[in-house]
Amino acid sequence: GINAEYGKQHKLVAMMKGVLRVALSLLFVCSFASSVFHQDKIHRDKRTGEEVLVYINHVTPENRRLLHDFNINKVRSPTEIEAYIKEPAQLELLKSQNFDYEIIPNTDSRSLREYNIRKRLRTLKRSLESDSSDKDENGCGIIDPKKEFTDYHNYDQLTAFLKNIHCLYPTITRLFSVGKSVSGRDLWVLEISKNPGVNELEPKFKYVGNMHGDETVGREILLRFIHSICSQYGESKKITWLIDNTDIFVLPTMNPDGFEAGTRANANQFDLNRNFPDQYKGFNEKEAQPEVLAIMDWLKNNTFTLSANFHGGDVVANYPFDGNKDEISGKASPSPDNTVFKFLARIYADHNPVMSKSKEFPKGITNGAQWYILYGGMQDFNYLWHGCLEITVELSMVKFPPASELEDYWNQNKLSLLRYLQAVHIGAKGTVKDAKGKPLKADIKVAGIDHTIHSDPENGGYYRLLLPGRQYTLTASVEGKTPISKTITVPRRKKGQQPIAVVDFVFQ
């Protein structure tokens with residue numbers, strides 16, 4: 001019994017000595033580490049001597065535990081951290097655990113926001129390449145909105161998405177490029193119509209997104225819009241009617257170079273919304289950018305009726321004019337179609353729950369110059385040079401919001417996008433032809449409105465946006481012939497009927 005008791009005590013003492021040795025070893029290691037990092041808390045690059053600062057994105061409660069020993073400099077958001085590296089092993093940790101991070105080499109000269117944008121673009125995890133189980137019988141990729149629209153599309157992904165949409169819906173879509181960016185990227189346009197590529201007697205409508213590279217919401221909601229209306233063709237009577245009776249064009253990104261770089265300007269550092277011909281400032285052809293020239297050429301060869309282009313930085317529907325003679329912001333500069341423009345802007349704003357409740361802009365709309373002046377803008381150019389009524393829609397207070405918020409922006413704008421498209425069928429329409437039925441190019445004017453639109457020389461069709469329930473006198477003029485005038489009343493809106501008057505002009 002004594003020997004057994006002695007054995008137990010011996011084992012207990014041995015165990016306590018072992019614990020003590022481990023404790024002393026840990027104390028020594030901790031003391032050594034403390035002395036090392038006390039001398040230099042932040043790791044420095046051996047080549048440059050700079051402190052190593054990293055931006056870490058997509059931080060979750062799970063992986064954040066791995067960062068407990070990092071020297072946190074800033075918590076930008078619940079998912080974004082800026083931290084200094086204390087030792088090379090921490091960089092290895094970030095790599096081995098597949099953290100979404102980037103080293104910021106010089107915090108004085110390059111802002112964290114720029115890194116945030118660039119990294120977000122370069123590390124889009126999602127790929128449009130799917131396995132055979134995600135393809136239909138024609139080899140087209142099946143699009144699941146819950147997966148497809150969870151992150152931003154970079155240029156390659158946007159291109160693949162548009163090509164896949166055309167693959168899925170070849171009878172109602174046509175994909176083409178209107179030109180190239182400075183860096184050679186295509187300015188892709190998807191046409192959606194019953195007979196794409198055919199110049200029929202139907203109004204031409206367009207949406208343009210991402211004119212400023214770092215204003216990104218428009219780009220993504222337009223991709224969502226494309227999928228939404230194409231996938232509902234043949235199922236929704238309203239959508240089917242719109243596609244059957246409208247020539248719809250969507251240019252998701254006018255500035256692909258700016259998006260890839262995370263910058264407002266294009267690759268030549270020009271603001272594209274200050275580069276168009278202007279009624280007050282003229283046009284500097286030497287500084288004209290390829291993206292702008294491509295849009296100008298596109299408009300020259302198509303007779304568009306209605307358009308909207310999308311921006312970010314506020315939430316409002318902005319209508320012409322953007323400039324005034326006095327070059328004074330806060331002074332309204334109404335166009336001849338001011339009442340029609342306000343009506344159109346209200347259509348978009350009224351169906352956006354955030355925009356319609358704006359405290360800064362009554363009813364969520366504003367005249368461009370009343371807000372702030374700019375010259376060389378695209379909406380004024382559309383109206384004055386080509387008769388197309390275009391508004392500029394600011395979609396978000398934050399220009400480049402986190403991808404997690406894109407679903408909210410889509411829900412805020414999806415009804416507005418549809419209602420604004422429907423507005424292309426409000427007013428007066430008809431044809432201008434000779435007695436034998438040959439289409440004629442004509443100037444169409446409305447009494448009391450100093451603005452001219454033109455009929456399409458190929459089919460003689462015209463579309464004039466006017467207010468429902470009002471009476472107007474239209475005059476068609478063809479060179480060498482006596483003008484013809486007709487008075488019409490635009491019908492009020494009724495369920496199942498378009499508020500549009502049909503007025504044809506026949507010249508003898």
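Scope of the values below: all heavy atoms of this structure, side chains included, with no hydrogens, waters or symmetry mates.
- Using modelled atom types, one finds a donor on one side chain and an acceptor on the other under 3.5 Å when comparing Tyr152 with Thr216.
- Using a 4.0 Å cut-off between charged nitrogen and carboxylate oxygen, Glu287 and Arg274 do not count as a salt-bridge pair.
- Side chains of Phe507 and Val432 form a contact here, defined as non-hydrogen atoms less than 4.5 Å apart.
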Salt bridge (Lys or Arg N to Asp or Glu O under 4.0 Å) between Arg346 and Asp350: does it pass, once the steps are laid out?
-> CA-CA 5 Å; Arg346 280 288 304 274; Asp350 284 354; 2.9 Å; yes
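- Side-chain N/O atoms of His212 and Asn255 include no donor and acceptor closer than 3.5 Å.
- No side-chain donor from either of Tyr280 and Asn324 sits under 3.5 Å from a side-chain acceptor of the other.
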Working for side-chain hydrogen bond (donor to acceptor under 3.5 Å, both in side chains), residues Ser329 and Trp371 = CA-CA 6 Å; Ser329 292; Trp371 185 16; over 6 Å; no
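- Inter-residue side-chain proximity for Pro252 and Leu158 is flagged as met; some heavy-atom pair is nearer than 4.5 Å.
- Between Leu465 and Ala423, the shortest heavy-atom distance links the atoms CD2-O, 3.4 Å.
- The main-chain N or O of Val315 is never found under 3.5 Å from a side-chain atom of Glu394 such that the two would form a donor-acceptor pair.
- Side chain of Tyr155 to main chain of Asp186: a donor-acceptor pair is present (N/O by atom type, distance under 3.5 Å, no hydrogens or angles).
- Counted within 6.0 Å of NZ on Lys363, heavy atoms from surrounding residues, nucleotides or ligands total 12 or fewer; the atom is thus considered open.
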Begin from the C-alpha positions of Phe225 and His227 and carry the test side chain to side chain contact (heavy atoms under 4.5 Å, CB included) through to its verdict.
-> CA-CA 5 Å; Phe225 175 73; His227 175 258; over 6 Å; no
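- Geometric assessment of Arg219 against the ring of Phe259 yields a positive cation-pi assignment under the 6.0 Å and 45° thresholds.
- Checking side-chain atoms of Asn284 against main-chain N and O of Lys286 turns up a donor-acceptor pair under 3.5 Å.
- Within the 4.5 Å cutoff, side-chain heavy atoms of Leu421 are placed close to those of Thr246.
- Side-chain contact check for Tyr233 and Asp244: at least one donor-acceptor pair (N or O, by modelled atom type) lies under 3.5 Å.
- Side-chain contact between Tyr383 and Cys388: absent, with no pair of heavy atoms (C-beta onward) separated by less than 4.5 Å.
- At distances below 3.5 Å, at least one donor-acceptor pair connects side-chain atoms of Asn266 with backbone N or O atoms of Phe270.
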Apply side-chain hydrogen bond (donor to acceptor under 3.5 Å, both in side chains) to the pair Asn245 and His425, showing each step before the final yes or no.
-> CA-CA 9 Å; Asn245 292 277; His425 294 282; over 6 Å; no
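- A distance of 10.0 Å separates CD of Gln157 from OG1 of Thr159, quoted to the nearest 0.5 Å.
- The aromatic rings of Phe505 and Tyr462 sit tilted, their planes meeting at an angle between 30° and 60°.
- Smallest separation of non-hydrogen atoms from Asn318 and Asp322: ND2-OD1, 3.6 Å.
- There is a side-chain donor-acceptor pair under 3.5 Å between Ser181 and Asp257.
- Checking Asp380 against Tyr375 by side-chain atom types alone, no donor-acceptor pair falls below 3.5 Å.
- Using a cut-off of 4.0 Å between Lys/Arg side-chain N and Asp/Glu carboxylate O, Glu291 and Arg185 are scored as not salt-bridged.
- A donor-acceptor pair under 3.5 Å is formed between the side chain of Ser177 and the backbone N or O of Gly179.
- Applying the ring pair (Phe, Tyr, Trp, His ring centres under 6.0 Å) criterion to His351, with sequence neighbours excluded, gives no partner residue.
- Checked against the 6.0 Å centroid threshold, Trp298 and Phe304 count as a close aromatic pair.
- Using modelled atom types and a 3.5 Å distance limit, the side chains of Asn210 and Thr253 yield a donor-acceptor pair.
- With Asn413 contributing its side chain and Tyr409 its backbone, the two residues share a donor-acceptor pair below 3.5 Å.
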Would Glu215 and His311 count as a side-chain hydrogen bond (donor to acceptor under 3.5 Å, both in side chains) if you check the C-alpha gap in whole Å, the side-chain angles of each, and the deciding distance to 0.1 Å?
-> CA-CA 6 Å; Glu215 297 172 10; His311 292 249; 3.2 Å; yes
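- A donor-acceptor contact closer than 3.5 angstrom links the side chains of His153 and Glu220.
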How far apart are the C-alpha atoms of Ile500 and Val490, what are their side-chain angles, what is the distance that settles it, and do they pass the side chain to side chain contact (heavy atoms under 4.5 Å, CB included) test?
-> CA-CA 6 Å; Ile500 194 162; Val490 178; 5.9 Å; no
Dump the intermediate steps for side chain to side chain contact (heavy atoms under 4.5 Å, CB included) on Val217 and Lys399, then the final yes or no.
-> CA-CA 7 Å; Val217 173; Lys399 293 186 176 185; over 6 Å; no
Intermediate values then yes/no, salt bridge (Lys or Arg N to Asp or Glu O under 4.0 Å), Arg224 and Glu407 | CA-CA 10 Å; Arg224 192 75 180 260; Glu407 180 76 15; 3.0 Å; yes
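- Taking 4.5 Å as the limit, every side-chain heavy atom of Glu191 sits out of range of all side-chain heavy atoms of Thr173.
- Residues Asn309 and Thr392 bring a donor and an acceptor atom of their side chains to less than 3.5 Å of each other.
- The closest donor-acceptor contact from the side chain of Gln232 to the backbone of Ile239 lies at 3.5 Å or more, if one exists at all.
- Looking at Asn301, its side chain does come within 3.5 Å of a backbone N or O of Asp297 through a donor-acceptor pair.
- Heavy atoms only, all atoms of each residue included: Lys441 and Val478 are closest at O-CG2, 4.0 Å.
- Across all their heavy atoms, Thr431 and Asn459 have their closest contact at CG2-O, 4.5 Å.
- Proximity of a side-chain donor or acceptor of Thr366 to a complementary backbone N or O of Gly368 within less than 3.5 Å is not detected.
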So Asn352 and Gln412, side-chain hydrogen bond (donor to acceptor under 3.5 Å, both in side chains) or not? Walk me through it.
-> CA-CA 5 Å; Asn352 182 308; Gln412 290 169 20; 4.7 Å; no
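- Nearest approach of Met211 to Leu272, heavy atoms of both residues: CE-O, 3.4 Å.
- Contact of the Thr303 side chain with the His454 side chain is not registered, since no non-hydrogen atoms from C-beta on lie closer than 4.5 Å.
- Looking at Phe205 and Asp247, their side chains never come closer than 4.5 Å, going by heavy atoms from C-beta outward.
- Ring geometry for Tyr207 against Phe310 counts as tilted: the plane angle lies between 30° and 60°, on a 0 to 90° scale.
- Taking all atoms of both residues into account, the shortest heavy-atom contact from Ile449 to Pro336 is CG2-O, 3.7 Å.
- Residue pairs meeting the side-chain hydrogen bond (donor to acceptor under 3.5 Å, both in side chains) criterion with at least one partner in residues 193-206, sequence neighbours excluded, are Ser193-Glu202, Asn195-Glu200, Asn199-Lys204, Asn199-Asp456, Asn199-Glu458, Lys206-Ser307, Lys206-Asn382, Lys206-Glu390.
- Here the side chains of Tyr463 and Leu201 are in contact, with some heavy-atom distance below 4.5 Å.
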Please report the C-alpha distance between Leu417 and Ile221 in whole Å, then the side-chain angles of each, then the deciding distance to 0.1 Å, and finally whether the side chain to side chain contact (heavy atoms under 4.5 Å, CB included) criterion is met.
-> CA-CA 9 Å; Leu417 290 165; Ile221 68 169; 4.1 Å; yes
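- Although no hydrogens or angles enter the test, the distance criterion places no donor-acceptor pair under 3.5 Å between the side chain of Thr452 and the main chain of Asp443.
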